[in-house]
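To keep things clear, I will list the structure first and then write my remarks on it.
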Amino acid sequence: MKRSWWRTGLGIGVVASAVGCGAGQGASDSPVCPTTSPMTVAYPASAASAAAAATPPTVEEAREFVRVLDSDLRRLWMQRDRSSWVNQNFITDDTDQLASNAEEASMEYLSRKIREARRFEGLQLPPEIARQIALLKLASAAPAPDNAAERAELATVLTQMGSLYGKGKYCPDRLKGSKAPCLSLHELDDIMAKSRKADELLDAWSGWHGIATPIKPLFQRYVTLSNKGANEIGYGDLGQQWKSGYDMPPAQFEAEVERLWQAVKPLYDELHCYVRARLRKHYGAEKVPEKGPIPAHLLGNMWAQEWANIYDLVAPFPKEPSFDVGKKLAGRKVGAKEMVQKGESFFTSLGLEPLPKTFWERSLLRKPQDRDVVCHASAWDIGSTNDVRIKMCIKPTEEDLITVHHELGHVFYYTQYYKLPILFQSGANDGFHEGIGDTIALSVTPKYLKSLGLIDAEPDNDKARINLLMKQALEKVAFLPFGLLIDKWRWDVFAGKTSPERYNAAWWELRTRYQGVSAPGARGDGAFDPGAKYHIPANTPYMRYFLARILQFQFHRALCKAAGQQGPLDTCSIHGSKAAGEKLRAMLAMGATRPWPEALTAISGETAMDPSALVEYFAPLQAWLRDQNKGQTCGW
Ligand code: ASP
Ligand code: SER
Ligand code: ZN
């Protein structure tokens, strides 16, 4: 993930209301709009602003407001992010408290400034000023209520949820009373990836999902409190605010997401059908139904979100080489730092500057043995001073090599935009931020891996190509419905359509409807399975990952073109292309200064998100799958 979830994109609807009257949204300096400020009068923030409300607002005043805002936010967010960094690297009651305090201070400031900014509603402002003011309302993924006690409670609840997840452990009976430590997600993930015994998988799956039970009451409070906060700044509920970060009205964003999903769903359906048949062969008919959903513990991943770990069970041509990078990484004892250096070298090959020295001094790359940390991979930019870091408990696996590239994508975004006004220091939209490192990882082709000495040979025939495409599809295509449903679930929760009693049932309804997976067995009354997925307790919006899966193929296609590559997309690598690097840099350096379609134009010349690049990439595999699935009843 990217840590700075609170800095996101911007909705056109919001720009319109911030810029307000008249069509001329150019850099006019004269306030030509009538100024209605009943909101400001109704919510005087302080004596000073109440006095200010008596006089009409001016462009100069707005400019000064934004200048002060920028400097205050730098200070407050630096403090908050440092506290949070320490907390997540060293989870104790004290660091929980310090992190909540800093969070609370930022929240208080943000709500106050959002209230004060209402004064400028209806005033015609230069676009960069209007956009910063509009971004202010989107700057927190959990806006706090004005009430001080409720705000403090929300800050505490957020920290506690994150820490409960970070400390989560499963203590199986067989370990009770023994000296062996209980199992953390780090170990349980390994079991999910490597075990091929259904009972063992079920044990690890159920064990981990058990950690979420105590998160549920906190989550309920967070829903109530952050909804209230969102409401006070003008959104119907928190989901409405999240959906407002895409330069279009929320309803249009929902339709947009649906359009993208429908374009890729046929490919997912073929993959699901094929994988189910193969799993049935391995696990037997009583474990894997012929026509129903696949039990969620059999797909090689705790959340059944990416399936590449079960490649061995579904390999199209098992006799062809599989290009097992993990084997080489582990066999050669490639260290965590070396893996990150390999990732960095890809970015520098495009002409981007190497990472600052402090990145290497301050990042956390390995799981500490003696304390609780939040191991979920994340990238950080602290204080807008190019103080960039990643925090990740790296293992020598192919999956982690890809995640390293993912996190570095965030970091190189930060290094390109840290000199912008702080409210512009985010992705064009949050899907862009999540998609950069993945785009680079698409260029980590066998040819490139061979040059690193991580595989011995390149694929040289159609069968090997289908093998490789299968591995990519297990990672990318399998993820699509998962990426979609997490926030479909949360949108309904925030909107009050899903009540707390139905949290778990609604979760599994969506998991079944979109992914075609089922809960492995009945779930008990206390179960809160969504809470066992990092981004739920961490309050990180998730639709960004769905968008990123679509966008990364679009970026890849554009950069391959810039690099002068003519072959099929799955064989293209932009490694070493300064021309591609220049296009990438142009987009990254824009941060969130402009609506995202303009950033998309900078890299690709296109203005709309386009699923056709993903479909084109997987076309040979889709044809092969269709053939394999002939005679099967697909669907669930
Ligand atoms: N970047 C990933 C995500 O956003 C991190 C991971 O795969 O662990 O959550
Ligand atoms: N990094 C995201 C997650 O772990 C998407 O892969 O869920
Ligand atoms: Zn990320």
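Order of listing sets the numbers, starting from 1, for every ligand and every atom in it.
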| field | Heavy-atom donor-acceptor pair, Asn301 side chain to Gln305 backbone, under 3.5 Å | value | yes
| Sidechain-backbone polar pair: His556 side chain, Leu569 backbone, donor-acceptor under 3.5 Å | yes
| message | Just checking Phe432 against Phe555, ring centres under 6.0 Å apart? | response | yes
| query | Is the centre of the Phe546 ring less than 6.0 Å from the centre of the Tyr542 ring? | reply | no
How does [X] reach ligand 2, by side chain, by backbone, by both or by neither, if only non-hydrogen atoms under 4.0 Å count?
X: Arg549; result: side chain
X: His406; result: neither
X: His535; result: side chain

| remark: Of all protein heavy atoms, the one nearest atom 6 (O) of ligand 2 is Glu306 OE2, 2.9 Å
| note | When distances are taken from atom 2 (C) of ligand 1, the protein heavy atom at minimum range is Met1 N, 3.0 Å
Give the atom numbers and elements of ligand 2 that come within less than 4.0 Å of a heavy atom of [X].
X: Tyr542; answer: 2 (C), 3 (C), 5 (C), 7 (O)
X: Lys533; answer: 3 (C), 4 (O), 7 (O)
X: His376; answer: 4 (O)

| Aromatic plane relationship, His209 with Trp205 - under 30° parallel, 30 to 60° tilted, over 60° perpendicular | parallel
| message | Looking at the Zn ion (ligand 3), is there an N, O or S atom belonging to Glu434 that lies under 2.8 Å away from it? | response | yes
| His433 near the Zn ion (ligand 3) via N/O/S, less than 2.8 Å | no
| Within 45° of the axis and under 6.0 Å from the centre of the six-membered ring of Phe90, does NZ or CZ of Arg371 qualify? | no
| So is Arg523 actually on top of Trp508's ring, under 6.0 Å and inside 45° of the axis? | no
| query | Can you check whether Tyr545 has an N/O within less than 3.5 Å of an N/O in ligand 2? | reply | no
| Proximal ligand 1 atoms for Glu407, defined as those under 4.0 Å from one of its heavy atoms | 1 (N), 2 (C), 5 (C)
| No-hydrogen, no-angle side-chain donor-acceptor test under 3.5 Å, Glu200 and Ser195 | yes
| Hey, are Asp372 and Lys169 close enough for a salt bridge, meaning a charged N less than 4.0 Å from a carboxylate O? | yes
Measuring from non-hydrogen atoms of [X] to any atom of ligand 1, is the shortest distance under 4.0 Å?
X: Tyr534; result: no
X: His410; result: no
X: His535; result: yes

